[in-house]
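Structure first, then comments.
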Amino acid sequence: MREADRFHPWLLLPALEDLAHLGARLLPEGTAGADAPGRVAYRELAGPGRLRIRASAADGRMLEAAVLKGASERLGRAVTRLSDLGEDNFLCLPPEEQYLVATGRTYFRGLAFDDLHRLQFDLETTGLNAARDAIFLVSVRDNRGLERVLDVSESGRSGAEAEADLIQRLAALIREVDPDVIENHNLYGFDLPFLAKRAELLGVPLALGRIGGAGLKRRPAARAYGAWRSATGVGGERSERSEDEGEEREETGRYVIAGRELIDTLDAVRRYDFAARNLPGHGLKAVARHFGLAAADREYVEGPKIYATWRGDPDRVRRYALDDVREVDGLARLLGGAAFALARMAPRRYERLADAGPATGILDPLLVRAYLRAGAALPEKATGDGTRHTGAALYLFACGVARRVVKADVSSLYPSLMRQYRISPRPDRIGALLALVDRLVEQRLAAKARAKQAAPGSPERHTDEALSAAMKILVNSAYGYLGAVGLTRFSDVAAANEVTRRGRQVLGLLCRELAARGATLLEADTDGVYFAAPAEWSEGDERRAVAEGGALLPPLVRLEFEGRYAAMLSHEPKNYALLEYDGTPHLRGVAFRSVRFEPFGEAFLRRAVGCLLTGDVPGVRAAYLETLAALRRRELPTSDLSSRVRLTKTPQQYEAARTARKELPYEAMLNSGYTRWGRGERVRVYRASDRATGGRAMLLPEDGAGEPAGDPRDYDVAYYARVLLDNYAARLARAFAPDDFAVIFGSPEQPSLFAPPIETIQPVLTTVAEPPDEAMD
DNA sequence: TTGTCGCGGGG
DNA sequence: GTGTACGCGACAA
């Protein structure tokens, strides 16, 4: 269905002055003929805000030209763009937002997620560099039953011609299918820029739009997105000789296709993980597996092997590529509902709400709309008064091993505090932000309740869960909005600080009350606390303590019993290991999991922590001794001691920096006889033994797919033995008395005569701080 | 402990 | 058509 509508473009100004030159063609809104062509209608907005005139006309260009003419006369210089006026002197939204704000409409009212016609496509290429590598296959599907693979083998041509033909067939298919939405994982970061670059190089028009021959256009986006995209060469080859000045400007653009919404599931994944922080990574495969979206017979091909696989077994790549778009669809359905629901609430395009930061991207348009609806003048963007932002509370009360651990936390602490204490940014004199938070919280509770009633898996449930997720995003970003000085219209650091101050008080009160009920406090952070229950407590006692503590908090602050665990190793704030009652271990924080861990150390740590938390101290000792022995006998493959790193400096750059700072990966390259390497290259490095210097950085060769090739076993045993002790065993130091630690991780050759037998050693828990006493006011 | 630099994701 | 804006972990000093 298509609907045509007309509206009068509008903008906001501080005064009528710049429009006065229109004379009789400038009329108050509502007077006869004010909305006729060639006229400008205006309305005064109430209150003290700076932007107090809303001007509109049948023709937006004419309106803008009139403002520019008046401003030029007033300032005595040529003003050619509204932005020359400075951001405090006008507000002019993109046309579609003007329309949405003016009419009160939004995207997708009355539609369910599945009503959209969504298409997913995924490029398979010979490599990551669009300047050099080519597209050889595209998988396409939609949510109406289409599944198709296009590839270069079908056209009977080869090389550039075949690729150009493939791109044209893709564009034709998209026009034919005519989807509302195009989705993929890392769509903006890879597929669109790659496609645009290849089409440009091959001279193929990319007519993907709904209207006429509209193509793929850049949209500026200030967000961090593009910043880390450049190393790939996508969207602009990066000079290898970049020691010469003027590093190419990073392409930070998003893309637009007229009439369609472009949705990147990577954005949805990031938004989800921002709060959940439980994803193993943000890649499509990892996320799909995490959510159980991967089919049992899912085809996997490692990235670097895809093109080689294509040449030997093309059907396998076809299956792989189709599995990719299927998973994208699943992911979009699972996580994309939040952006869809946001699009039904905020006056902004769906695709922009999907990638927007919540403060400037979502709350700001809602607030602008609220002010205009209220007929209130809009204040200029708030500037900070230099007030420092104060943060949340973080406490480590005890470290070591605790049993019967409980986690309690406050859901949505900050918005609850804003509501409880009516904390509102000062410039927001009509209280729009707080009203929004109030309304969203209530609607969210209603949506959650509805979702619970609806049948699992039903569209209704999906809609309500997505709505709830969207509102959670919004509500939680209200606090962030307060602190975003210089970015948002209504920021107010003092108000943000009041929120955190109340938060610290609430957390402190909670800790004191739990301690008073017999709990041993372990760690508290912002809105939650871990504590250990006394041995005689039942689960009911644990829940009662949490309920009693929660009852003493302010009414709108709701404490929840989040979970209970058999044991916890508390190491440092935000660094701990938990053992669930079913035996599942969880390692959290940098001290326990890091990409840079050598495989041997990670394996040791996992095993040792597992033993520790189940009370098996001899098992910890055994893990250490066995790892050490395997190391000394060189039974561990070299790759277990290596780590994979990416070279980001050219040989010239490293040479220049080398005297100031030596870096292992580059030293490994040099020691292995390489004086040339490419930027972005990945290598595997380790430390080999060396009689003269004791150790030298070395390269572990890899095959084409990044698998280690060769296993020289010449690693520096003494060095890695030290790493095992200092880097890995040390994470368990807090679990034992120093003497006991020395026994458990003592040298196998020199057992101490006076040491207690391992079996008698018990883990310890050491109190390091008392509950804070900042009182409530 | 502090400062600087690199990474994420896509083939 | 527009601009300055990430957050965290690792390593060397």
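Distance, Leu187(A) CG to dG11(B) P: 12 Å, rounded to whole Å. Taking atom CG of residue Leu266(A) and atom P of nucleotide dG11(B), one finds them 11 Å apart after rounding to whole Å. If you take CD of Glu96(A) and P of dG1(C), they are 15 Å apart, rounded to a whole angstrom. Computed from coordinates, the Tyr666(A) OH to dC5(B) P distance equals 12 Å when rounded to whole Å. In this structure, the CZ atom of Phe190(A) is 5 Å from the C1' atom of dG11(B), given to the nearest Å. Rounded to whole angstrom, the span from the OH atom of Tyr188(A) across to the C1' atom of dG8(B) amounts to 19 Å. Taking atom CD of residue Glu124(A) and atom P of nucleotide dG9(B), one finds them 18 Å apart after rounding to whole Å. Distance CG (Asp273(A)) to P (dG8(B)): 15 Å, rounded to an integer number of Å.
Side-chain atoms of Arg50(A) come within 3.5 Å of backbone N or O of Asp88(A) as a donor-acceptor pair.
Comparing dG11(B), dT2(C), dG1(C) by their nearest atom to the side chain of Arg81(A) picks out dT2(C). When distances are taken from the side chain of His282(A) to each of dG11(B), dG1(C), dG9(B), the shortest belongs to dG9(B). Closest contact between the side chain of Glu87(A) and the listed nucleotides dG9(B), dG1(C), dG3(C) involves dG3(C). The Tyr320(A) side chain lies nearest to dG11(B) when the options are dG9(B), dG1(C), dG11(B).
Using a 4.0 Å heavy-atom cutoff across all strands shown, Thr125(A) reaches sugar-phosphate atoms only and no base atom. Within 4.0 Å (heavy atoms only), Asp324(A) reaches sugar-phosphate atoms of the nucleic acid but no base atom. Across all strands, Asn184(A) comes closer than 4.0 Å to no nucleic acid atom at all (heavy-atom distances).
Glu87(A) meets the salt bridge (Lys or Arg N to Asp or Glu O under 4.0 Å) test with Lys381(A); sequence neighbours excluded. A search for side-chain hydrogen bond (donor to acceptor under 3.5 Å, both in side chains) contacts involving Asp323(A) returns Arg326(A), not counting sequence neighbours.
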Given Glu97(A) and Arg349(A), is the side chain to side chain contact (heavy atoms under 4.5 Å, CB included) satisfied, shown in steps? CA-CA 7 Å; Glu97(A) 291 181 24; Arg349(A) 287 185 68 149; 5.9 Å; no
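Taking the C1' atoms as reference points, dC6(C) lies 15 Å from dG9(B), given to the whole Å. Taking atom P in both dC5(B) and dA5(C), the straight-line distance is 16 Å, to the nearest Å.
Scanning both residues, Tyr255(A) and Glu351(A), for their nearest heavy atoms gives O-OE2, 4.3 Å.
OP1 and OP2 of dG11(B) both lie 4.0 Å or more from every side-chain N or O belonging to Lys197(A).
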